[in-house]
Chemist: 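Below is the structure I would like to discuss, written out as structure tokens.
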Amino acid sequence: MIIVPMDEKTLPQVYDIEQACIEEAWSFAELTKVLSYDNYSYFVACEGDTVLGYAGAYYALDEANVTNIAVLGEYRKRGVATALLRQLCDEAKKRAARNIFLEVRASNSQAIALYERFGFQRIGVRKGFYSGPREDGFLYSYLLDK
């Protein structure tokens, strides 16, 4: 498995993963836009020409904010999400971020376990943050070592 930046070639597979894994999925146009923004970075985990999963973040001042992490079901529990999260942290450090923030559905126990194993700390709850279905979002933070 290799981790590389998302590009026009991998975008269709990223879109398919987004639609399969994310309840409030981004459109193809929204995913395409992030390729042109300097304050976003998206990475894909690949084996050959197959995209196993992807992760993205945007950057504002000295903060990174994870937008999405998704891995196809058949590739879960193989370290793909961990490798993608590590890549986002490395990129955040390169961009001089001091903290990484993210929100996760309160019911997404697999993602919560990943973030907590990685060292993220829950710092708050956003009541009713998600729709379809309405659900609280847990807010997490990770302090990057310089």
Side-chain angles (χ1 to χ4, degrees), residues 1-122 126 128-144:
M1 173 179 65
I2 62 168
I3 308 291
V4 296
M6 181 177 77
D7 59 18
E8 292 82 9
K9 181 181 174 190
T10 58
L11 186 61
Q13 289 184 72
V14 168
Y15 174 74
D16 290 343
I17 295 168
E18 174 83 2
Q19 298 304 304
C21 298
I22 307 291
E23 290 184 43
E24 296 178 41
W26 289 21
S27 69
F28 191 83
E30 289 169 318
L31 287 169
T32 301
K33 280 184 192 177
V34 301
L35 290 174
S36 64
Y37 295 151
D38 290 337
N39 64 328
Y40 278 78
S41 63
Y42 271 67
F43 297 94
V44 294
C46 299
E47 282 184 352
D49 290 335
T50 302
V51 175
L52 314 178
Y54 74 96
Y58 73 88
Y59 308 91
L61 302 173
D62 63 350
E63 296 179 359
N65 293 274
V66 175
T67 56
N68 309 48
I69 296 179
V71 176
L72 285 172
E74 60 265 33
Y75 300 109
R76 292 181 185 158
K77 307 241 184 245
R78 290 182 40 191
V80 176
T82 300
L84 287 163
L85 190 53
R86 188 171 295 114
Q87 181 67 43
L88 287 180
C89 288
D90 290 346
E91 181 67 18
K93 286 178 185 179
K94 288 178 190 172
R95 292 175 181 245
R98 297 185 60 197
N99 289 294
I100 299 177
F101 296 95
L102 60 83
E103 293 95 15
V104 60
R105 282 184 178 271
S107 65
N108 192 344
S109 58
Q110 287 184 333
I112 290 168
L114 166 69
Y115 302 139
E116 290 180 354
R117 273 194 317 272
F118 204 86
F120 279 78
Q121 300 292 312
R122 190 165 82 180
R126 292 187 170 160
F129 182 74
Y130 291 98
S131 59
R134 171 85 48 216
E135 186 173 357
D136 292 347
F138 291 158
L139 180 62
Y140 278 82
S141 175
Y142 181 77
L143 182 62
L144 291 163

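For reference, positions follow the sequence shown, starting with 1. All values reported here derive from a predicted model rather than from experimental measurement.
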Chemist: Enter the distance from Q110:CD to I112:CD1 here, rounded to the nearest 0.5 Å.
Modeler: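 With rounding to 0.5 Å, CD (Q110) is 10.5 Å from CD1 (I112).
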
Chemist: Check the orientation of W26 and Y40. Use parallel for under 30°, tilted for 30 to 60°, and perpendicular for over 60°.
Modeler: perpendicular

Chemist: What I'd like to find out is whether the side chain of L139 reaches to under 4.5 Å of the side chain of F129, using heavy atoms alone.
Modeler: no

Chemist: Can you give me the closest heavy-atom contact between A70 and I17, atom names plus distance?
Modeler: CB-CG2, 3.8 Å

Chemist: NZ of K94 to OG of S41: how many Å apart, nearest 0.5 Å?
Modeler: 9.5 Å

Chemist: Report yes if the side chains of V80 and L84 come closer than 4.5 Å at any heavy-atom pair, otherwise no.
Modeler: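 Yes, side chains in contact.
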
Chemist: Looking at CD1 of I3 and CD of E91, how far apart are the two atoms once the value is rounded to the nearest 0.5 Å?
Modeler: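 I3 CD1 to E91 CD: 13.0 Å, rounded to 0.5 Å.
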
Chemist: Only one of R122, E116, Q121 forms a side-chain hydrogen bond (donor to acceptor under 3.5 Å, both in side chains) with Y140, so which one is it?
Modeler: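 Per the side-chain hydrogen bond (donor to acceptor under 3.5 Å, both in side chains) rule, the option paired with Y140 is E116, out of R122, E116, Q121.
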
Chemist: Would L144 and R98 count as a side-chain contact (heavy atoms from CB on, under 4.5 Å) here? Give the steps.
Modeler: CA-CA 5 Å; L144 291 163; R98 297 185 60 197; 5.9 Å; no

Chemist: Using modelled atom types only, decide if a donor and an acceptor are shared between the side chain of E63 and the backbone of A60 within a distance under 3.5 Å.
Modeler: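 Such a contact is absent between E63 side chain and A60 backbone.
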
Chemist: Which pair of non-hydrogen atoms, one from R95 and one from N39, has the smallest distance, and what is that distance?
Modeler: NH1-CA, 3.9 Å

Chemist: Would you say the side chain of L85 lies within less than 4.5 Å of the side chain of Y142, judging by non-hydrogen atoms?
Modeler: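 No, their side chains stay 4.5 Å or more apart.
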
Chemist: Give me the atom names and distance for the closest heavy-atom approach of F101 to S141.
Modeler: CE2-OG, 3.6 Å

Chemist: So does Y58 have more than 12 non-hydrogen atoms from other groups sitting under 6.0 Å from OH?
Modeler: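 Count not over threshold, so no.
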
Chemist: Between atom CZ of F120 and atom CG of L102, what is the distance when rounded to the nearest 0.5 Å?
Modeler: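 Interatomic distance, F120 CZ to L102 CG, rounded to 0.5 Å: 5.0 Å.
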
Chemist: Can you tell me how far OH of Y75 sits from CE of M1, rounded to the nearest 0.5 angstrom?
Modeler: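 M1 atom CE to Y75 atom OH measures 12.0 Å (nearest 0.5 Å).
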
Chemist: Check A64 against A97 and note the closest heavy-atom contact, atom names and distance.
Modeler: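 A64 and A97 have their closest heavy atoms at N-CB, 4.1 Å.
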
Chemist: Let me confirm one number: the CG-CG distance from N65 to L88, rounded to the nearest 0.5 Å.
Modeler: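 Spacing of CG (N65) from CG (L88) equals 11.0 Å.
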
Chemist: Hey, what's the ring geometry for F28 with Y15, parallel, tilted or perpendicular (30° and 60° as the breaks)?
Modeler: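 The arrangement is perpendicular - the two ring planes meet at more than 60°.
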
Chemist: Please determine whether the number of non-hydrogen atoms from other residues, nucleotides or ligands lying under 6.0 Å from atom CD1 of I2 exceeds 12.
Modeler: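 Counting neighbours around CD1 of I2, more than 12 heavy atoms of other residues, nucleotides or ligands fall under 6.0 Å, so yes.
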
Chemist: Going through the checks in order, is the side-chain contact (heavy atoms from CB on, under 4.5 Å) test met by F43 and D90?
Modeler: CA-CA 12 Å; F43 297 94; D90 290 346; over 6 Å; no

Chemist: Heavy atoms only: give me the nearest V34-M6 pair and the separation to one decimal.
Modeler: CG2-CE, 3.7 Å

Chemist: Is there a side-chain contact (heavy atoms from CB on, under 4.5 Å) between Y42 and T10 once you walk through the steps?
Modeler: CA-CA 11 Å; Y42 271 67; T10 58; over 6 Å; no

Chemist: Closest approach of C89 and I100, non-hydrogen atoms and distance?
Modeler: SG-CD1, 3.4 Å

Chemist: Could you walk me through whether V44 and Q13 satisfy the side-chain contact (heavy atoms from CB on, under 4.5 Å) test, starting with their C-alpha distance in whole Å, then the side-chain angles of each, then the deciding distance to 0.1 Å, before giving a yes or no?
Modeler: CA-CA 10 Å; V44 294; Q13 289 184 72; over 6 Å; no

